[in-house]
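So the structure is just underneath, and the comments pick up after that.
All values derive from a computational prediction rather than experimental measurement. Sequence lines set the chain letters: A, B, ... in the order given, protein chains first and strands last, and positions in each chain run from 1. Computation of the quantities below employed the complete heavy-atom set of this structure, encompassing side-chain atoms and omitting hydrogens, waters and symmetry-equivalent molecules.
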4 protein chains.
Amino acid sequence: MNIHSSLMIEVKIMDTPGKRDDIIRVALELFAENGFHGTPVAMIAKKAGVGAGTIYRYFENKDVLINELFADLERKFMVAIEDGYNPNKPIRERFIHIAATILKYSISHPLYFRYIEQYQNSPYGVSFRRDKLLGKSDDHDLLRELFNEGVAQQVLKDLPLPVLFALAFGPLIAIARDHILGFSILNDTLILKFVEACWGGIKR
Amino acid sequence: MNIHSSLMIEVKIMDTPGKRDDIIRVALELFAENGFHGTPVAMIAKKAGVGAGTIYRYFENKDVLINELFADLERKFMVAIEDGYNPNKPIRERFIHIAATILKYSISHPLYFRYIEQYQNSPYGVSFRRDKLLGKSDDHDLLRELFNEGVAQQVLKDLPLPVLFALAFGPLIAIARDHILGFSILNDTLILKFVEACWGGIKR
Amino acid sequence: MNIHSSLMIEVKIMDTPGKRDDIIRVALELFAENGFHGTPVAMIAKKAGVGAGTIYRYFENKDVLINELFADLERKFMVAIEDGYNPNKPIRERFIHIAATILKYSISHPLYFRYIEQYQNSPYGVSFRRDKLLGKSDDHDLLRELFNEGVAQQVLKDLPLPVLFALAFGPLIAIARDHILGFSILNDTLILKFVEACWGGIKR
Amino acid sequence: MNIHSSLMIEVKIMDTPGKRDDIIRVALELFAENGFHGTPVAMIAKKAGVGAGTIYRYFENKDVLINELFADLERKFMVAIEDGYNPNKPIRERFIHIAATILKYSISHPLYFRYIEQYQNSPYGVSFRRDKLLGKSDDHDLLRELFNEGVAQQVLKDLPLPVLFALAFGPLIAIARDHILGFSILNDTLILKFVEACWGGIKR
DNA sequence: CATGAATGAGACTTCATTCAT
DNA sequence: GATGAATGAAGTCTCATTCAT
């Protein structure tokens, strides 16, 4: 019985995270493709190969799933951005790194991108965004630091942070969306040019 | 009797379209605030002071209402842009006019802006956008002409049109959203500076 | 003004009965084709070229329209049957006349037939039928007389009236329906044969 | 615990199909009595003691329920007819068996009969009937064989099949309806006489 | 009288969530 | 823990009927 129990525990340890991940992965795909309201919980359950009730063991309800999934994706973006980021490099280089990473990562993970866009333009996202931007958050701290530094060193235009953000990342979001929807096609050269153009928009 | 008759005609002329407009106005407001799925038809009817069935006299179904409302808003943007637009002015000036108009109009009509954003990031909007961008449309023709001309005259960077669009309007959308959500505050000076920065992003 | 008024009155006199007939005719057609519940009042109004409200000037409500229409059709059948009916002819000849008339009339007025069938197999028809058959009615009096006479004269089988009715008219209804739905095709020879066979079913 | 387990299994086996059957049974009753349009899904659910949504687990929509119910009833009629049918007996005897069975079964299952009649005279039934009669179907094959054989052996009149069908079964349907609606009362003797009379209508 | 826009009760259906197994 | 059948609140839409014009 001891053996049996420990076995079950092991099974749980190994199996449970797998199940949660299955749900997350499938939910991401379906939400990104069909929208939040076009994706019943039962559809996620079926495609994830779990019972509908199981989803409620991992997420209190559908809204929580949607919100946690968004948090997951943000975290993934942060990891991508921080990978290879060197705070000792010049402002320009650091910006190029961040911007290029965001664009490349968005393009190579179209589901992530579409999910985030959808989320941010839904009632879910707005309140979240409000909480977030007014408070603190890691990724923005990184960016905020970079931009504050840039302004202080007179490398960047002397504009409010949100304005600089808009100038720098607005085009990025726009072109990523176009690419993902197939309205334009980016390659590495174009990406680099594009990012440099973004830099042009904020540098003094 | 003449007077009475003409009065009756006036009442008809003023009243019937009034009902359709009430619905449109209320629907815009509620959709922009609560999202498409957060706004039951019954809620629109109640707030518009009409019976639920009445909405279906003017719009075949909820989706049609959503789509027509979007078309309405696009038309309004177009009207705003075309007002004061002079095709004989230099490229730069024309661009500044368009960009400033879009930004000002978005800011002074936050419901319009939020509705459009929401629409374009929903299953409704994606297919529509696809049809639209690949085909022809008045507003884009205007912009397309302007940008093509700019590229030909070597006033603008030699980049694909969608890339120029992204560089020029991506920041605009971003800052408008921020302003509307209260994350940053724009004034006329800032708007002008901002628009000039956008120009900086695309001019050669 | 006198002239004007009398004109209007004339118009009314000529127009009003026409309007009622239009409604009746269109309602018959639509009900027969789409069923009672597949035919909104508004559809009848539109096809009849009248306002929806007008129908309610001639018929208290939809149910009344349906019932009156049925009564109309029954009357028409009676007229057809009585035309050429000679109570002095032998039983057999009289029956042949009636049966052949019913069959021919049904076939040449498929809408009438389908309406009646539909009516009799709906909640409308059942209660009506109950009222009717238990009471008296012209057409059945004619038939009842004929059949009673036939039984009394020992020309017909000695069976209860409803049984004789079923034997005599059951096949008629069945073949008429088949013909109208296109499952079998009758010509005058076949009709005569058929009616004779029906006679064979009840004659002693 | 063994006993308990087996009990639980039994409950499942007995209960789940029980729910579908409850729905079918109640739906039959209500449709037969009130008509298809006089019977909201909610009414069926309530009387069957299930939630409204449950009906949609078993039947895609109301129409499917209506159609499947009809198919069910047809199957039941076929089973009744085939029970005791002996293809080696003479034509006459076989016909008498079939006709008597149909009549008796109709009379003892008035709800089945009324449901079928209603169905066949509704938009549901007409298209179905068309598909059916023009194609092949078990019960009609049985009858078709019998009648073809009868015609070939010169036992039956030399008439098209639909005509023979009408002569043979038209009276049956008519008298069954009368009986069920209480307009005439059949007993076993009368049934036999009646069926023999039907035979008289088709035999040479 | 005629009209048809307006109404709202009520029908069908979906789906987030629960809970017995 | 896992399951998925069951639930019923809530949403979309239709249509018989009314009534101001």
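Salt bridge present: A:R25 and A:D22 bring a charged side-chain N and a carboxylate O closer than 4.0 Å.
Side-chain proximity of A:K62 to E:dA16, F:dC13, E:dA2: nearest is E:dA16. For C:R57, whose side chain is taken as the heavy atoms from C-beta onward, the closest listed nucleotide among F:dA5, E:dA2, E:dT7 is E:dA2.
The side-chain hydrogen bond (donor to acceptor under 3.5 Å, both in side chains) search around B:E33 returns none, not counting sequence neighbours. Under the rule for a side chain to side chain contact (heavy atoms under 4.5 Å, CB included), the partners of C:V41 that lie at least two apart in sequence or sit in another chain are C:I55, C:Y56, C:K62. Remark: A:F59 pairs with no residue by the ring pair (Phe, Tyr, Trp, His ring centres under 6.0 Å) rule, at least two apart or across chains. In this structure, B:K46 has no salt bridge (charged side-chain N to carboxylate O under 4.0 Å, His left out) partners at least two apart in sequence or on a different chain.
Rounded to a whole Å, the NZ atom of B:K19 is 8 Å from the C1' atom of E:dA5. In this structure, D:Y56 atom OH and E:dC12 atom P are separated by 6 Å, rounded to whole Å. For C:E60 and F:dT18, the CD to C1' distance is 14 Å, given to the nearest whole Å. Remark: P of E:dT14 and CZ of D:F59 are 15 Å apart, rounded to the nearest angstrom. Counting to the nearest Å, the C1' atom of F:dT17 and the CG atom of C:D63 are 12 Å from each other. If you measure from atom CD1 of A:I44 to atom P of F:dT3, you get 15 Å, rounded to the nearest angstrom.
For C:Y115 (side chain) and C:I66 (main-chain N/O), a donor-acceptor pair under 3.5 Å exists by modelled atom type.
Of the residues in residues 26-42 of chain B, B:P40, B:V41 come within less than 4.0 Å of DNA chain F through at least one heavy atom, sorted by number.
Listed by first residue number, the stems of DNA chain F with at least three Watson-Crick or G-U pairs below 3.5 Å are E:2-21 with F:2-21.
Phosphate proximity of F:dA6 to D:Y58: present, with a side-chain N or O under 4.0 Å from OP1 or OP2.
Interatomic distance, A:L65 CG to A:D72 CG, rounded to the nearest 0.5 Å: 10.0 Å.
Comparing A:T54 and B:G51 along DNA chain E, the residue whose closest nucleotide (by nearest heavy atom) sits nearer the 5' end is B:G51.
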Worked check of side chain to side chain donor-acceptor pair (under 3.5 Å) between D:Y119 and C:N121: CA-CA 9 Å; D:Y119 180 88; C:N121 286 288; over 6 Å; no
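Between A:F36 and A:Y124, the distance from one ring center to the other falls under 6.0 angstrom.
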